[in-house]
S.K.: 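Input: one structure, supplied below.
Everything numeric in this text was worked out from a predicted model, so none of it was measured.
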Number of protein chains: 2
Amino acid sequence: MEFFNKVGKAALGSRLRLMTAAITDDASKIYELYGVEFVPKWFPVFYTLAEEREITITEIALEIGHSQPSVSKIMRELIAAGLVEEIEKADDKRKNNIILTPKGVAISQVFKHQLQDIDVAIEEMILQSKHNLWAALEEWEFLLSQKSLLKRVSEQKKKRESKDVEITAYKPQYKQAFKELNVEWISKYFEMEEADYKALDNPEDYILNKGGKILVALYDNEPVGVCALIKMNDSEYDFEMAKMAVSPKAQGKNIGYLLGKEILKTAKEMGAKKVYLESNTILKPAINLYYKLGFEKVFGLSTPYKRCNIQMELIIE
Amino acid sequence: MEFFNKVGKAALGSRLRLMTAAITDDASKIYELYGVEFVPKWFPVFYTLAEEREITITEIALEIGHSQPSVSKIMRELIAAGLVEEIEKADDKRKNNIILTPKGVAISQVFKHQLQDIDVAIEEMILQSKHNLWAALEEWEFLLSQKSLLKRVSEQKKKRESKDVEITAYKPQYKQAFKELNVEWISKYFEMEEADYKALDNPEDYILNKGGKILVALYDNEPVGVCALIKMNDSEYDFEMAKMAVSPKAQGKNIGYLLGKEILKTAKEMGAKKVYLESNTILKPAINLYYKLGFEKVFGLSTPYKRCNIQMELIIE
DNA sequence: TACATTTACATAACTAGTTATATAATTAAT
DNA sequence: ATTAATTATATAACTAGTTATGTAAATGTA
C-alpha cells in the first residue's frame, strides 16, 4: 500500500483498520477449520460467559470493551444458536441469568485447543518479527490512556503555530488594531469605560510617552494580539501589565503566553522589580495564563476599573 | 481490559478493533480542531485525489485498500460536500473525471499542516514507546502477506494433533478397522476387487504371515488410520506399501504422513532396499503424500488392480 | 410509604465498511 | 461488423459495531 508511506503516520487509523479486517476475515475461517459453527464476533462474550458463570451483560460489556447494546445483541444470537440459555432465578429480575447449554460447553472445550493453537501461531509471528505488535498495542493503549492522540496533536499544533508568531514593538500602523482587539473582548464581556477610551485612543500619550511599552503579535504579518506595559509612578509597583488582547481567530496559538513572556522580559530589561495586573475571574483562560506566567493574587489596591475583581502581582527575580 | 490477558493472543483481533476505534474517534475531533468540516473516512480518498489528479475510482480503491463501492460512496459524499466536482471529458465515458473544487483545494492546504502535526505527534509517541506500533504494522502486513494467519493456525493445529496420534503395530482387535477404513475409500472412488477382499478379510494369511507388516494410527485410542507393508517375493522390489487408509473424520492431522514415515522406517529395519506402491492419479492428496515421503514415478510393471494408473518406488538409502 | 434516582437491559436508528450483482462503455475476438 | 469479454461504476443488502433513548425493577430518601 503505497498510500501509507505517502501520507505518513496520519494513516495510522487506516492502517489499523485494514489489519483488523484482515485478522477478522481469517478468524471466521479459523472457526470453520475447527468445525465449530461460530461467528467471530460472538467470541469475547462467549468466552467471558464460559469463564465466569455469574456475570451480567453490563459487566461483560465493560470487561471486553464493547457497548452494552452490542453484548445484548450478541447474547440473543448466542441464545438463538443454542449455545447459551436463560435460567429462572428468584433474585434481581432486571438481570438475565445466563448459562452455557451442553452444546455451548462442548464448543468451549474445542476452543481450548483452538485458542492454544492461535496463541502459538501468533507467538511464532512475534518471534519472526523485529517489532512486537502485541506488545506495541499494549503499550499504545497505555500511552493513549495517559494522553489522547487529540491532546498530543493539539499540543503539536500550538507549538508549530507559535513558531510563526512574531512579537514586535508597537508602531503607529498598529494603533487601530490595538484599539479594535481590546474593544472586541471588553465590550463582549463588560462595558467600555472612560479609562479604556483614554488609553486606547491615545496610546502614545497615555502609555508610550509615560515610559511604557506596547507589544504586538503578528501572524502572517497581521496584528492578532497586543499587550501593554504601563508605568505606575505613584504605586509600590513599577509597571502594570494591561490591555492584553488576542483575536478569537488566532486563539490556540499560544499568543497570549508569548506576549506575556515578552512583556515580562521587557519589564525586567527596564529594571522593574514588581509587575501588577487587574482582571476579572470570569475570564478563566486569562487568569490561568497569568498564573502560568508566574503572577500571584494580591488584595486591596484601588482601581479605576469597575470590571476588576482580581488583582495579581509578579515579583521579578 | 483484563480480557486480553486472560484470552491471550487470540484476542489480537479484538484488541486491534478497539485501538482502531479509539484512533478514529480522535481523528474526527482532530478535524474539528483544525476547523475543517471533514469526515475522517473521506480522508484516504480525498488525499489520493489531491495528490494524483487523473485517477479512477477503482485505482483509488486499490491504492488505499478499500473496496470500489466504498470509494464510490465516499466520492459522492465529497461531491455533495462541494469539495470535489465532476468535469466533462471526451474520453472514456465509464470513468468519472473528478477534480478538487476551490474549497477542496483550500482544505487540502490546511491538511498539509494537519498531517505534519499528526506525524510529529505520532513520531513522539513512537519515541516514547519501546515497541514501535507503526513499524510493527508494516512488518505484520508483510508477514501476513507471506503466510496468512489461517495457514499459520492450521499448521499449528496439525502439529499439535499429530502429537496425539499414536502409531502402533497391528493386533487382531484392529482387524475390523483395517477392513472398514479401506472399504470406505475404495468403494467411494472405485469398486472393491477380488484382491482387496483377500487381503482385507485375511490380513494374517495374506500379509503378516508372509513377512509383511500392518501399522495402525490411534487417535483417542480409536483406530483412525491403517497402512500395510507387503512382502513381494517374485519382484525386483522388497516390499509394497499398500492399503493405506485414513478416516475422513481424522483428516488434517498428518496421519497419512506419520503412517508412511513409520512404514518406511519398518521397511528399512527389515533390510528393504526398494519399496513399491500403486495408486490412481484421481487421489491427489495421496499422490502428493507419496511424493512428500520420497516416492518417484516408475513405469510398466504388471498389477492385479484395475484402479491402478500410477506406480511409484522409493529407494531406501 | 411514596416518589425520585439508579440500574440492567432492550430497541431503534445510525456508521463505515463489506459482498454480490447490475449496467453501461470499451476492448477483443471471430 | 457482430458478439463476447472486460472494465468502471453504481446500487442494494448485509455486518459489526455505535449512540440515543425507552422501560421495568431495584434502591435511596423525604
Side-chain angles (χ1 to χ4, degrees), chain A residues 11 13-29 31 38-46 49 54-81 84 86 88-98, chain B residues 11 13-29 31 38-46 49 54-81 84 86 88-98:
Chain A
S14 298
R15 192 161 220 169
L16 277 166
R17 185 167 316 108
L18 283 180
M19 175 72 72
T20 307
I23 298 272
T24 310
D25 272 10
D26 265 23
S28 70
K29 287 180 203 139
Y31 288 110
F38 201 86
V39 181
K41 67 164 171 172
W42 291 349
F43 179 73
V45 174
F46 183 79
L49 214 48
E54 300 257 331
I55 188 168
T56 68
I57 285 186
T58 314
E59 281 163 355
I60 293 176
L62 198 74
E63 169 89 9
I64 68 175
H66 278 205
S67 65
Q68 167 267 312
S70 165
V71 176
S72 204
K73 263 196 265 184
I74 290 170
M75 199 63 94
R76 266 167 300 132
E77 288 180 31
L78 284 169
I79 291 172
V84 305
E86 268 181 286
E88 286 298 319
K89 242 183 147 189
D91 76 333
D92 196 331
K93 274 178 196 158
R94 293 168 306 173
K95 299 182 183 174
N96 31 17
N97 303 103
I98 292 166
Chain B
S14 297
R15 192 162 219 168
L16 278 167
R17 184 165 318 110
L18 284 180
M19 175 72 71
T20 307
I23 298 275
T24 310
D25 271 11
D26 265 21
S28 71
K29 286 179 206 142
Y31 288 109
F38 201 87
V39 181
K41 67 164 171 172
W42 293 347
F43 179 72
V45 174
F46 183 80
L49 214 49
E54 300 258 330
I55 189 167
T56 67
I57 284 187
T58 315
E59 283 164 355
I60 294 177
L62 198 73
E63 168 89 9
I64 67 174
H66 277 205
S67 65
Q68 166 268 314
S70 164
V71 177
S72 204
K73 262 195 268 182
I74 289 170
M75 199 63 93
R76 269 168 297 133
E77 288 180 29
L78 284 171
I79 291 172
V84 305
E86 267 180 288
E88 286 299 317
K89 242 185 150 188
D91 78 331
D92 196 331
K93 276 178 195 156
R94 292 168 306 175
K95 299 180 184 176
N96 32 17
N97 303 103
I98 292 166

S.K.: Between D:dT18 and A:Ser67, is there an OP1 or OP2 to side-chain N/O distance shorter than 4.0 Å?
M.R.: yes
S.K.: Under the salt bridge (charged side-chain N to carboxylate O under 4.0 Å, His left out) rule, collect the residues that match up with A:Lys73, sequence neighbours excluded.
M.R.: none
S.K.: In this structure, how many angstroms lie between the P atom of D:dT18 and the CD1 atom of A:Ile74, rounded?
M.R.: 9 Å
S.K.: Sequence neighbours excluded, which residues qualify as side-chain hydrogen bond (donor to acceptor under 3.5 Å, both in side chains) partners of A:Arg76?
M.R.: none
S.K.: Does A:Glu77 have any side-chain hydrogen bond (donor to acceptor under 3.5 Å, both in side chains) partners at least two apart in sequence or in another chain, and if so, which?
M.R.: A:Lys41, A:Trp42
S.K.: Looking only at side-chain N and O atoms, does B:Ser70 come under 4.0 Å of OP1 or OP2 in C:dT18?
M.R.: yes
S.K.: Could you tell me how far apart B:Ile79 (CD1) and D:dT9 (C1') are, to the nearest whole angstrom?
M.R.: 12 Å
S.K.: Nucleotide by nucleotide, 5' to 3', does protein get under 4.0 Å of the base (B), only the sugar-phosphate (S), or neither (-) in nucleotides 1-14 of chain C, counting heavy atoms?
M.R.: ------BSBBB---
S.K.: Counting only side-chain nitrogens and oxygens, does A:Arg17 get under 4.0 Å of the OP1 or OP2 atom of C:dA16?
M.R.: no
S.K.: Expressed in angstrom and rounded to an integer, what is the separation of A:His66 atom NE2 from D:dT15 atom C1'?
M.R.: 13 Å
S.K.: Give a yes/no on whether any side-chain N or O of A:Lys41 is located under 4.0 angstrom from OP1 or OP2 of D:dA16.
M.R.: yes
S.K.: State which residues pass side-chain hydrogen bond (donor to acceptor under 3.5 Å, both in side chains) with B:Thr24; sequence neighbours excluded, sorted by chain then number.
M.R.: A:Arg17
S.K.: Could you give the CH2-to-P distance, from A:Trp42 to D:dT15, as a whole number of Å?
M.R.: 12 Å
S.K.: Which residues pass the side-chain hydrogen bond (donor to acceptor under 3.5 Å, both in side chains) test with B:Ser70, not counting sequence neighbours?
M.R.: B:His66
S.K.: Rounded to whole Å, please give me the gap between CG in B:Leu78 and P in D:dA10.
M.R.: 12 Å
S.K.: Report the C-alpha distance between B:Leu62 and B:Thr58 in whole Å, list the side-chain angles of each, state the deciding distance to 0.1 Å, and finish with yes or no for side chain to side chain contact (heavy atoms under 4.5 Å, CB included).
M.R.: CA-CA 6 Å; B:Leu62 198 73; B:Thr58 315; over 6 Å; no
S.K.: Would you kindly give the CG-to-P distance between B:Leu62 and D:dT9, to the nearest whole Å?
M.R.: 12 Å
